[in-house]
Amino acid sequence: MTPGLANMVQHLLGSPKRHSVILDHERKMDQMDWVRRMNDAIGYMEEHITEEINFAEAARIACCSVYHFQRMFPYIAEVPLSEYIRRRRLTLAAYELQNSDIKIVDLALKYGYDSPEAFARAFQSMHGTTPSAARLAGTKLKDYPRIFFQVSMKGAAEMNYRIEEIPAFSIIGYSKEVSTQNAYEVVPLLWKEASEEDVINKLWPLKKHDHPIRGILGVCADGDYGRQDSFCYILSVVSEQTPAEPLVQRSFPDSAWAVFEMGGDPGQIAEMWRRLYSEWIPSQAYELAPLPAIECYLPPDEDKNELWVPIIRKQ
């Protein structure tokens with residue numbers, strides 16, 4: 001080692017920069033490990049693409065709960081898990097049609113369809129042509145390749161968060177079923193509808209006002225992502241009251257929460273979700289707990305909102 005380099009190393013070892021260098025290295029290693037685990041999970045699903053995929057096993061390989069594996073997938077892959085699998089199966093089916101003599105009825109069963117008719121409808125929807133026509137030379141087909149995750153240099157923009165330990169509590173509110181695939185478009189319409197129907201003023205008197213989870217809440221629940229194509233979005237408040245129909249109630253156990261703060265524009269929530277899964281989780285000492293996350297919309301005069309995410313420390 002040259003004297004100049006030795007001096008630099010000694011300087012780092014004796015300064016606060018040393019801790020930053022070590023921390024950055026550890027985060028990079030965490031990100032690489034997270035990417036490896038996610039790619040292994042994708043590999044498992046690809047190996048079993050013609051079978052009923054065991055999402056619990058895929059989640060185990062990714063070292064997270066089934067709930068959050070299926071929950072995070074649309075944010076990091078930009079397509080719901082069920083849709084990714086559907087596209088991959090129809091891509092492989094098209095390849096077999098053009099490169100083998102397999103019967104369409106056998107191909108339909110191989111890729112999980114109950115009948116040739118159901119397979120033909122799905123095939124037509126994606127490829128814009130029928131399975132029979134796909135065998136003809138010159139027919140245009142769509143190809144959706146396997147996803148591979150990579151480590152990317154992100155995180156330059158700060159993410160303001162804090163850790164909160166919250167005792168058990170309940171929420172009450174109005175529940176709406178939302179398509180996972182169209183959630184970005186549908187959820188804002190739910191808030192517009194809620195405003196027109198004066199839902200916020202109906203919920204506010206029911207609110208527990210001294211609770212740390214404040215404001216009007218958007219709770220994503222009952223999704224079982226990957227097995228179902230929809231979830232329940234509950235416009236709600238923290239409350240100790242017993243709900244009357246059509247209100248519903250959801251209870252949460254004691255839990256630790258990572259609380260992310262952002263500006264008052266509700267549109268920033270979706271971007272925070274994306275950054276949570278693609279940047280924060282891969283580089284932290286926490287895993288996501290198998291509980292619904294909470295979007296917390298605060299009064300306009302505070303000019304901020306919060307995203308509450310249940311967490312557990314990595315083992």
Side-chain angles (χ1 to χ4, degrees), residues 67-68 71 75 159-180 182-223 225 230-276 288-311:
Y67 175 89
H68 281 293
R71 180 82 169 87
Y75 290 97
M159 297 179 72
N160 297 318
Y161 76 95
R162 65 185 187 275
I163 305 298
E164 296 268 9
E165 298 279 349
I166 304 295
F169 65 93
S170 295
I171 63 166
I172 61 173
Y174 297 90
S175 179
K176 298 285 187 178
E177 185 174 355
V178 175
S179 166
T180 304
N182 300 320
Y184 284 132
E185 294 81 19
V186 173
V187 169
L189 295 178
L190 293 181
W191 284 100
K192 181 180 179 182
E193 180 182 314
S195 177
E196 293 171 351
E197 297 180 1
D198 205 28
V199 166
I200 293 175
N201 285 331
K202 293 176 182 177
L203 288 174
W204 201 255
L206 307 176
K207 182 179 180 299
K208 180 176 171 59
H209 288 279
D210 59 349
H211 197 273
I213 302 180
R214 307 179 295 124
I216 298 295
L217 314 178
V219 179
C220 305
D222 305 335
Y225 293 81
S230 64
F231 63 94
C232 290
Y233 190 80
I234 309 173
L235 284 73
S236 53
V237 293
V238 174
S239 178
E240 295 179 333
Q241 300 190 35
T242 301
E245 293 187 355
L247 296 177
V248 299
Q249 184 178 56
R250 291 288 187 277
S251 297
F252 292 76
D254 298 353
S255 183
W257 299 77
V259 186
F260 298 86
E261 184 180 307
M262 66 218 74
D265 179 5
Q268 294 186 31
I269 288 282
E271 175 63 10
M272 185 58 71
W273 274 113
R274 185 194 65 78
R275 293 191 64 197
L276 167 74
L288 300 176
L291 295 171
I294 298 175
E295 300 171 354
C296 183
Y297 297 94
L298 300 173
D301 59 354
E302 296 191 32
D303 194 30
K304 66 177 182 179
N305 296 308
E306 295 176 338
L307 177 61
W308 287 66
V309 182
I311 56 172

query = Can you tell if the side chain of Y174 reaches within under 4.5 Å of the side chain of E197, non-hydrogen atoms only?
reply = no
query = To the nearest 0.5 Å, how far apart are CG in L190 and OG in S195?
reply = 12.5 Å
key: Check: E302 and R214 side chains under 4.5 Å, non-hydrogen atoms   = yes
ask   = What pair of heavy atoms forms the shortest contact from L298 to K304, and how long is it?
value = CB-O, 3.3 Å
request  = Quick one: closest heavy-atom pair of K207 and G215, and the distance?
outcome  = CE-N, 3.3 Å
message = For G263, is there any backbone N or O sitting under 3.5 Å from a side-chain donor or acceptor partner on Q268?
response = yes
request  = Provide the closest heavy-atom pair for F252 versus P292 in the form atom of the first, atom of the second, distance.
outcome  = CE2-O, 3.6 Å
ask   = Parallel, tilted or perpendicular: which fits the ring planes of W257 and F169, with parallel below 30° and perpendicular above 60°?
value = tilted
remark   = Separation between SG (C232) and CZ (R250), nearest 0.5 Å, reads 6.0 Å
query = Applying the side-chain contact (heavy atoms from CB on, under 4.5 Å) test to W308, which of I213, V219, L291, L217 qualifies?
reply = I213
query = What is the distance from atom CD of E196 to atom CG of L189, rounded to the nearest 0.5 Å?
reply = 9.5 Å
key: Shortest non-hydrogen contact between S170 and Q249, atoms and distance   = CB-NE2, 3.9 Å
query = Side chains of Y161 and E306: closer than 4.5 Å at any heavy-atom pair?
reply = no
request  = For the residue pair I166 and H211, establish whether any side-chain heavy-atom pair is separated by less than 4.5 Å.
outcome  = yes
inquiry  = Nearest 0.5 angstrom please: I171 CD1 to I234 CD1, how far?
reply    = 4.5 Å
ask   = Is there a donor-acceptor pair under 3.5 Å between the side chain of S239 and the backbone N or O of L206?
value = yes
request  = Supply the atom-to-atom distance N305 CG to E261 CD, rounded to the nearest 0.5 angstrom.
outcome  = 9.5 Å
query = With a 4.5 Å heavy-atom cut-off, do V199 and W191 have their side chains touching?
reply = no
message = Counting only heavy atoms from other residues, nucleotides and ligands, does the tally under 6.0 Å from CD of E164 exceed 12?
response = yes
For G173 against L203, the heavy-atom pair lying closest together = CA-CD2, 4.0 Å
query = Rounded to the nearest 0.5 Å, how far apart are CG of L247 and CG of L235?
reply = 11.0 Å
query = Is there a side-chain contact between Y233 and E295, using heavy atoms and a 4.5 Å cut-off?
reply = yes
inquiry  = Is there a side-chain contact between V237 and I216 in this structure, where contact means two heavy atoms from C-beta onward sitting under 4.5 Å apart?
reply    = yes
